[in-house]
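Encoded as structure tokens, the structure appears first; notes follow it.
All residue numbers in this chain count up from 1 along the given sequence.
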Amino acid sequence: MKRRVAVLISGNGSNLQALIDAAKEENYPAQIVLVISNKPQAYGLKRAATAHIPALVIEHGAYATREEFDRAVHAALMDAHVEILCLAGFMRLLSPWFVAQWQGRMLNIHPSLLPAFKGAHAVRDALAAGVTKTGCTVHVVTEAVDAGPVVAQAEVAVLPGDTEESLKLRIHEAEHRLYPAALKVLAGR
Ligand code: GRF
């Protein structure tokens with residue numbers, strides 16, 4: 001039986017797309033059963049619609065507290081019998097309560113070789129630091145941001161003349177291979 005996976009997004013959703021494409025493979029151990037965005041204009045919602053995957057917009061602004069928003073997301077995940085959660089460009093911090101509900105069952109992708117360059121500007125920070133290689137990491141989500149156990153990493157070389165955009169592009173390509181591979185590991189456990 002394929003594991004039931006939901007993907008949380010806030011924007012473009014290119015990693016969502018990579019997961020959708022991977023899950024089309026007959027032998028892939030997971031299926032994407034729900035997409036949730038906290039932003040109504042997220043392009044990833046169109047990707048979900050094109051793939052005929054149910055999608056919900058749950059706007060954080062409609063909730064008084066972080067935990068109320070998280071409880072609404074959690075209720076939607078329960079309704080859809082979701083077993084594994086993938087954060088893919090989801091730009092909200094999740095409450096300790098939510099993280100505890102999904103302990104060991106929630107993945108995130110981050111555009112650096114963690115523990116290097118945590119935070120929202122990982123690619124810019126890597127360039128500024130002058131490193132010769134960076135990359136991307138899929139990790140289990142724990143309460144501390146960008147700090148849970150690493151499931152998989154891929155290296156990306158920083159090339160002479162790289163800009164934030166050019167480097168981001170190559171990291172994204174690596175992400176699109178890494179995330180499906182990492183989800184496969186967790187779903188196959
Ligand atoms: C990715 O770079 C991911 O590492 C970071 O947010 C970005 C999301 O891109 N967490 P997309 O929406 O999947 O295209």
Side-chain angles (χ1 to χ4, degrees), residues 1-39 42-58 70-95 97-114 135-143 145-156 171-189:
M1 274 277 275
K2 289 181 183 248
R3 309 296 295 276
R4 296 176 66 81
V5 174
V7 184
L8 263 57
I9 60 166
S10 299
N12 180 29
S14 68
N15 281 285
L16 164 66
Q17 188 69 58
L19 294 173
I20 290 172
D21 293 344
K24 283 181 191 149
E25 294 284 322
E26 202 182 320
N27 293 325
Y28 196 77
Q31 54 175 329
I32 314 300
V33 297
L34 180 65
V35 172
I36 299 177
S37 173
N38 65 320
K39 299 256 173 104
Y43 183 71
L45 291 167
K46 294 202 173 66
R47 300 179 188 272
T50 302
H52 306 289
I53 295 169
L56 293 173
V57 175
I58 304 181
D70 287 2
R71 283 186 187 275
V73 172
H74 186 67
L77 296 170
M78 291 292 94
D79 283 351
H81 306 288
V82 169
E83 303 172 86
I84 295 173
L85 193 50
C86 290
L87 308 183
F90 182 67
M91 301 307 282
R92 292 285 298 170
L93 291 178
L94 293 160
S95 60
W97 173 82
F98 188 93
V99 173
Q101 303 309 305
W102 291 92
Q103 194 181 3
R105 302 188 293 145
M106 175 161 50
L107 297 176
N108 182 42
I109 186 153
H110 182 80
S112 77
L113 295 173
L114 290 173
C136 47
T137 302
V138 175
H139 65 94
V140 175
V141 177
T142 54
E143 243 187 75
V145 177
D146 298 334
V150 170
V151 178
Q153 285 187 314
E155 286 184 12
V156 174
I171 292 175
H172 260 100
E173 286 170 10
E175 287 185 339
H176 300 159
R177 289 187 296 271
L178 190 71
Y179 214 168
L183 175 59
K184 192 174 182 176
V185 170
L186 185 70
R189 272 181 193 163

Notebook entry, point to check: With a 4.5 Å heavy-atom cut-off, do Val33 and Ile53 have their side chains touching?
Noted result: no

Check: Side chains of His74 and Trp97: donor-acceptor distance under 3.5 Å anywhere?
Finding: no

Next item on the list: Check whether any side-chain heavy atom of Trp102 sits under 4.5 Å from a side-chain heavy atom of Leu94, and report yes or no.
Entry: no

Item checked: Val5 side chain reached by Gln31 side chain, heavy atoms, under 4.5 Å -> no

Next item on the list: Could you grab the distance from atom CZ of Phe90 to atom CG of Asn108, nearest 0.5 Å is fine?
Entry: 10.5 Å

Notebook entry, point to check: If every non-hydrogen atom of Tyr28 is compared with every non-hydrogen atom of Pro180, which pair is closest and at what distance?
Noted result: OH-O, 2.5 Å

Check: For the residue pair Ala30 and Ala23, what are the closest heavy atoms and their distance?
Finding: O-CB, 3.5 Å

Notebook entry, point to check: Rounded to the nearest 0.5 Å, how far apart are OG of Ser37 and CG of Leu45?
Noted result: 4.5 Å

Note to self: So, taking the atom named NZ in Lys2 and the one named CD1 in Ile32, what distance separates them when rounded to the nearest 0.5 Å?
What the structure shows: 9.5 Å

Please report, to 0.1 Å, the donor-acceptor pairs under 3.5 Å made by any side chain of residues 12-22, with sequence neighbours excluded.
from: Asn12; atom 1: OD1; to: Arg47; atom 2: NH2; distance (Å): 2.8
from: Ser14; atom 1: OG; to: His176; atom 2: NE2; distance (Å): 2.8
from: Asn15; atom 1: ND2; to: Glu175; atom 2: OE1; distance (Å): 3.1
from: Gln17; atom 1: OE1; to: Arg47; atom 2: NH1; distance (Å): 3.3
from: Gln17; atom 1: NE2; to: Asp21; atom 2: OD1; distance (Å): 3.1
from: Asp21; atom 1: OD1; to: Lys24; atom 2: NZ; distance (Å): 3.4

Using atom types as modelled, flag every donor-acceptor pair under 3.5 Å from a side chain in residues 75-86 to any protein atom, sequence neighbours excluded.
from: Glu83; atom 1: OE1; to: Arg3; atom 2: NE; distance (Å): 3.3
from: Glu83; atom 1: OE2; to: Arg4; atom 2: N; distance (Å): 2.7

Checklist line | Any Phe98 side-chain heavy atom under 4.5 Å of Val73 side chain | finding: yes

Margin query: If we ignore hydrogens and angles and just use 3.5 Å, is the side chain of Gln153 paired with the main-chain N or O of Leu114 as donor and acceptor?
Written below: yes

Note to self: So which atom in Ile171 and which in Pro111 form the shortest heavy-atom distance, rounded to 0.1 Å?
What the structure shows: CG2-CB, 3.9 Å

Checklist line | Separation of His139 NE2 from Ile109 CD1 (nearest 0.5 Å) | finding: 9.0 Å

Check: Do Pro149 and Thr142 touch side chain to side chain, with heavy atoms closer than 4.5 Å?
Finding: yes

Next item on the list: Working to the nearest 0.5 Å, report the span between CG of Asn38 and CG of Leu56.
Entry: 12.5 Å

Note to self: How close do Ile9 and Ala42 get, counting heavy atoms only, and between which atoms?
What the structure shows: CD1-CB, 4.2 Å

Margin query: Measuring from atom NE2 of His110 to atom CG of Asp146, what distance do you get when rounded to the nearest 0.5 angstrom?
Written below: 4.5 Å

Margin query: Within the structure provided, determine whether Leu186 and Leu107 are in side-chain contact (heavy-atom separation under 4.5 Å).
Written below: yes

Note to self: Looking at Lys39 and Gly11, would you say the former's side chain and the latter's main chain have a donor-acceptor pair under 3.5 Å?
What the structure shows: no

